[in-house]
Engineer: 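I'd like to ask you about the structure that follows.
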Amino acid sequence: LYSNMGNTHYSQGGYSKALEFYNKALAIRQAIHGDSNSPDIGTLNNNVGNVYKAQRDYSKALEYHNKALAIRRSIHGDSNHPDIASSYNILGAIYKEQEQYSKALECYNKSLVIQLAVHGDRKDPAISSLYSNIGNTHYSQGGYSKALEFYNKALVIRQAIHGGSNNPHIATLNNNVGNVYKAQKDYSKALEYHNKALAIRRSIHGDSNHSDIASSYNALGSIYNAQEQYSKALECYNKSLVIQLAVHKNGNDTDIALSYGNMGNIHYSQGENSKALECYNKSLAIRLAIYGDANNSSIGTSYNNMGNVYKAQKDYSKALEYHNKALAIRRSVHGDSNHPEIASSYNILGSIYNEQKQYSQALECYSKCLAIRLAVHGNSNDPAIASTYSDMAMVYKAQEEYSKALECYNKSLASRQAVHGNSNDPAIASTYGNMGNIYYSQNKHSKALECYNESLAIRLAIYGDTNNSSI
């Protein structure tokens with residue numbers, strides 16, 4: 001009975017009450033079974049661990065889930081038992097929430113091996129959930145192709161189980177696939193999958209204020225934002241925020257923080273810096289209330305966004321302050337790994353130093369950014385690498401180190417041409433124009449004209465006879 005009462009309080013979000021009843025149940029079970037490894041004691045340790053996880057007390061959550069795992073392994077030995085798989089799965093979830101992704105994947109894979117041994121070729125929800133969890137972890141690490149692989153495996157199983165019914169798991173997986181396509185800048189596919197998710201969620205929940213519907217509107221808003229369709233983006237973000245505020249009465253919720261942050265991004269993109277800062281401050285206040293002094297990546301994102309506003313306002317001291325805060329959090333979260341967020345922080349710091357004509361510091365930051373991006377993408381011709389070479393070239397040009405500037409521009413050009421081939425791309429036109437400027441500064445007029453003509457030909461192909469400022 002104590003355990004059942006604990007389960008009820010846990011389901012209602014009454015975590016302190018749940019803990020009280022689970023501990024009463026645990027004390028009785030331990031008095032009955034002593035030091036023996038009882039399945040009931042394993043379950044109660046699992047339940048107590050779930051409460052601590054919900055309270056974000058991860059050290060205690062790990063303690064109790066490891067106790068549960070130890071008991072279950074003692075009972076079942078090396079056999080492939082679902083309870084052991086369940087313990088590994090929840091441990092993976094705790095590590096993921098702590099952004100310890102390698103440990104999370106290790107636990108998820110151990111769970112998956114057991115579940116595949118138990119269920120064989122049968123389409124089982126537990127296997128689908130594990131594929132989804134593994135996909136989420138790869139997505140968080142920026143491993144988008146791997147994430148897509150596991151999401152699609154999960155989706156195939158769910159569709160086989162539920163058929164054409166409007167199932168929340170299928171909605172979530174469509175949402176997750178949409179997130180990957182957005183990260184890959186395939187916006188048409190991203191909209192397709194997020195609209196599928198929204199349609200399923202509205203079919204399930206109707207006109208009620210449900211957080212899943214809010215999440216879909218938020219995701220759609222982010223895609224429209226990326227496409228610079230700002231009015232559609234704000235419309236979606238506002239719909240999301242209205243629902244979230246109705247659901248979470250106290251206002252301190254991660255989804256509300258996300259909505260404020262996203263609305264801030266729209267205002268920032270439109271040059272409405274004061275409105276952007278207002279939204280970012282609301283988002284940051286909520287995240288600090290939730291996570292406190294913990295180094296959480298979402299707090300790093302808030303600092304980054306605020307730093308961007310201060311940079312746009314040419315308040316460089318505050319811009320540096322906030323971007324260094326973001327960098328410190330990102331380095332704390334990701335350690336010595338080559339993570340795109342750390343590269344992004346170094347890149348924006350480089351641009352701030354460049355605008356202040358502190359060129360040696362700018363080059364130091366750009367070089368750190370480039371090293372990470374090369375480590376992440378290898379020898380692949382990635383637009384981010386091309387952009388970094390261009391940034392470094394601008395610094396060298398400002399220092400009148402023209403040979404180094406041309407070297408960087410040529411690397412940038414080669415990368416962009418490898419990506420876009422013979423297509424007419426504005427970035428390639430811009431690179432030719434910048435190279436022409438350097439040759440002009442060196443009084444190499446024939447080479448300058450050659451580059452200017454290349455740039456002009458591309459821009460005429462793109463814009464035609466329109467009166468475009470770049471032409």
Side-chain angles (χ1 to χ4, degrees), residues 1-11 13-120 122 124-138 140-141 150 294 335:
L1 276 172
Y2 281 138
S3 180
N4 291 340
M5 291 170 76
N7 291 339
T8 305
H9 285 296
Y10 177 79
S11 299
Y15 300 128
S16 58
K17 276 288 183 183
L19 202 58
E20 176 188 338
F21 285 104
Y22 286 146
N23 280 322
K24 286 180 178 180
L26 189 57
I28 292 171
R29 289 291 179 186
Q30 286 171 331
I32 294 170
H33 300 290
D35 293 331
S36 66
N37 290 308
S38 161
D40 293 324
I41 294 176
T43 299
L44 285 164
N45 276 296
N46 177 86
N47 293 348
V48 170
N50 287 342
V51 174
Y52 284 124
K53 177 180 177 289
Q55 293 177 320
R56 296 189 173 87
D57 188 340
Y58 297 122
S59 61
K60 284 191 176 178
L62 285 170
E63 176 191 341
Y64 278 88
H65 278 294
N66 276 311
K67 284 181 181 178
L69 175 61
I71 291 170
R72 289 166 173 177
R73 291 184 68 182
S74 175
I75 293 168
H76 303 294
D78 293 327
S79 66
N80 293 308
H81 195 276
D83 284 350
I84 297 173
S86 176
S87 283
Y88 279 125
N89 184 62
I90 194 68
L91 285 166
I94 296 166
Y95 285 125
K96 183 183 178 294
E97 287 190 22
Q98 292 180 296
E99 300 180 358
Q100 297 184 41
Y101 299 125
S102 59
K103 288 184 179 180
L105 282 173
E106 182 184 345
C107 290
Y108 284 143
N109 280 314
K110 285 180 179 178
S111 181
L112 180 62
V113 167
I114 295 169
Q115 293 289 11
L116 288 170
V118 171
H119 299 289
R122 285 188 295 122
D124 189 84
I127 296 173
S128 177
S129 293
L130 277 165
Y131 281 140
S132 182
N133 291 342
I134 292 169
N136 290 339
T137 308
H138 284 298
S140 297
Q141 290 179 301
F150 283 98

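A quick note: this is a predicted structure, and the numbers were derived from the prediction, not measured. Throughout, residue positions are numbered sequentially from 1 according to the sequence presented.
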Engineer: Could you point out which residue of Asn50, Val51, Asn45 forms a side chain to side chain contact (heavy atoms under 4.5 Å, CB included) with Asn47?
Structural biologist: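 Per the side chain to side chain contact (heavy atoms under 4.5 Å, CB included) rule, the option paired with Asn47 is Asn50, out of Asn50, Val51, Asn45.
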Engineer: With sequence neighbours left out, write down each residue that passes side chain to side chain donor-acceptor pair (under 3.5 Å) with Tyr131, or none if nothing qualifies.
Structural biologist: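 None.
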Engineer: Quick one: does Tyr95's side chain get under 4.5 Å of Tyr101's, heavy atoms only?
Structural biologist: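 Sidechains of Tyr101 and Tyr95: no contact.
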Engineer: Give a yes-or-no answer on whether the side chains of Asn89 and Ser87 include a donor-acceptor pair shorter than 3.5 Å.
Structural biologist: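 There is no such pair (donor and acceptor under 3.5 Å, judged by atom type) between the side chains of Asn89 and Ser87.
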Engineer: Nearest heavy-atom pair of Ala54 and Tyr10: which atoms, and what distance?
Structural biologist: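 Nearest heavy atoms, Ala54 then Tyr10: CB-CE1, 4.4 Å.
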Engineer: Atom CD of Gln55 and atom OH of Tyr15: how far apart are they, to the nearest 0.5 Å?
Structural biologist: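 One gets 8.0 Å once the value is rounded to the nearest 0.5 Å.
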Engineer: If you look at every heavy atom in Ser38 and Ile71, which pair is closest and at what distance?
Structural biologist: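 That closest heavy-atom pairing would be O-CG2, 3.5 Å.
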Engineer: Return yes when atom NZ of Lys67 has more than 12 non-hydrogen atoms of other residues, nucleotides or ligands closer than 6.0 Å, and no otherwise.
Structural biologist: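 Result for NZ/Lys67: enclosed.
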Engineer: Rounded to the nearest 0.5 Å, what's the gap from CG on Asn23 to CD1 on Ile28? Could you check?
Structural biologist: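 Result: 11.5 Å between the selected atoms.
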Engineer: Applying side chain to side chain donor-acceptor pair (under 3.5 Å), name anything that partners Asn46, two or more places apart in sequence or on another chain.
Structural biologist: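 Testing Asn46 for side chain to side chain donor-acceptor pair (under 3.5 Å), a comparison that skips the adjacent residues, returns His65.
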Engineer: For Cys107 versus Leu91, what's the shortest heavy-atom pair and its separation?
Structural biologist: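 Looking at all heavy atoms of both residues, the closest pair is SG-CB, 3.9 Å.
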Engineer: Would you say Asp78 has more than 12 foreign heavy atoms packed within less than 6.0 Å of its CG?
Structural biologist: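 No, because the 6.0 Å sphere around CG of Asp78 holds 12 heavy atoms or fewer from other groups.
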Engineer: If every non-hydrogen atom of Gly6 is compared with every non-hydrogen atom of Ala18, which pair is closest and at what distance?
Structural biologist: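 For Gly6 and Ala18, the tightest heavy-atom pair comes out as O-CB, 3.4 Å.
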Engineer: Can you name the nearest heavy-atom pair linking Gln115 to Pro82, along with the distance?
Structural biologist: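 Smallest interatomic distance, heavy atoms only, reads NE2-O, 4.4 Å.
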Engineer: Could you grab the distance from atom NE2 of His76 to atom NE2 of His81, nearest 0.5 Å is fine?
Structural biologist: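 The NE2 atom of His81 is 3.5 Å from NE2 of His76, to the nearest 0.5 Å.
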Engineer: Can a donor-acceptor pair be found, under 3.5 Å and without considering hydrogens, that links the side chain of Thr43 to the backbone of Pro39?
Structural biologist: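 Here the side-chain-to-backbone pair exists.
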Engineer: Under the salt bridge (Lys or Arg N to Asp or Glu O under 4.0 Å) test, which residues partner Asp40, sequence neighbours left out?
Structural biologist: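 Scan of Asp40 (salt bridge (Lys or Arg N to Asp or Glu O under 4.0 Å), adjacent residues dropped) gives Arg29.
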Engineer: Using side-chain heavy atoms (C-beta onward) and a distance below 4.5 Å, is Phe150 in contact with Leu130?
Structural biologist: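 The answer is no; the side chains never approach within 4.5 Å.
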Engineer: Given His138 and Leu105, is the side-chain contact (heavy atoms from CB on, under 4.5 Å) satisfied, shown in steps?
Structural biologist: CA-CA 8 Å; His138 284 298; Leu105 282 173; 3.8 Å; yes
Engineer: Measuring from Asn7:CG to Tyr22:OH, what's the distance to the nearest 0.5 Å?
Structural biologist: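 These two atoms lie 3.5 Å from each other.
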Engineer: Which residues satisfy the salt bridge (Lys or Arg N to Asp or Glu O under 4.0 Å) test with Lys24, sequence neighbours excluded?
Structural biologist: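 Counting only residues at least two positions away or on another chain, Lys24 forms a salt bridge (Lys or Arg N to Asp or Glu O under 4.0 Å) with Glu20.
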Engineer: With Arg73, which residues qualify under side-chain contact (heavy atoms from CB on, under 4.5 Å), at least two apart?
Structural biologist: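 Arg73: side-chain contact (heavy atoms from CB on, under 4.5 Å) contacts with Leu69, Ile84, Tyr88.
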Engineer: Does a sphere of radius 6.0 Å around OH in Tyr2 hold more than 12 heavy atoms from other residues, nucleotides or ligands, not counting ones at 6.0 Å or beyond?
Structural biologist: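 Atom OH in Tyr2 is not packed in, count stays at 12 or less.
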Engineer: To the closest 0.5 Å, what do you measure between CZ (Arg72) and CD1 (Ile41)?
Structural biologist: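 Atom-to-atom, Arg72:CZ and Ile41:CD1 are 12.5 Å apart.
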Engineer: What heavy-atom pair brings Ala85 and Ser111 nearest, and what distance separates the two atoms?
Structural biologist: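 Distance-wise, the nearest heavy atoms are O-OG, 2.8 Å.
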Engineer: Any salt bridge (Lys or Arg N to Asp or Glu O under 4.0 Å) pairs touching residues 86-108, not counting sequence neighbours?
Structural biologist: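 Checked against salt bridge (Lys or Arg N to Asp or Glu O under 4.0 Å) - neighbours excluded - the pairs reaching residues 86-108 are Lys53-Glu97, Glu106-Lys110.
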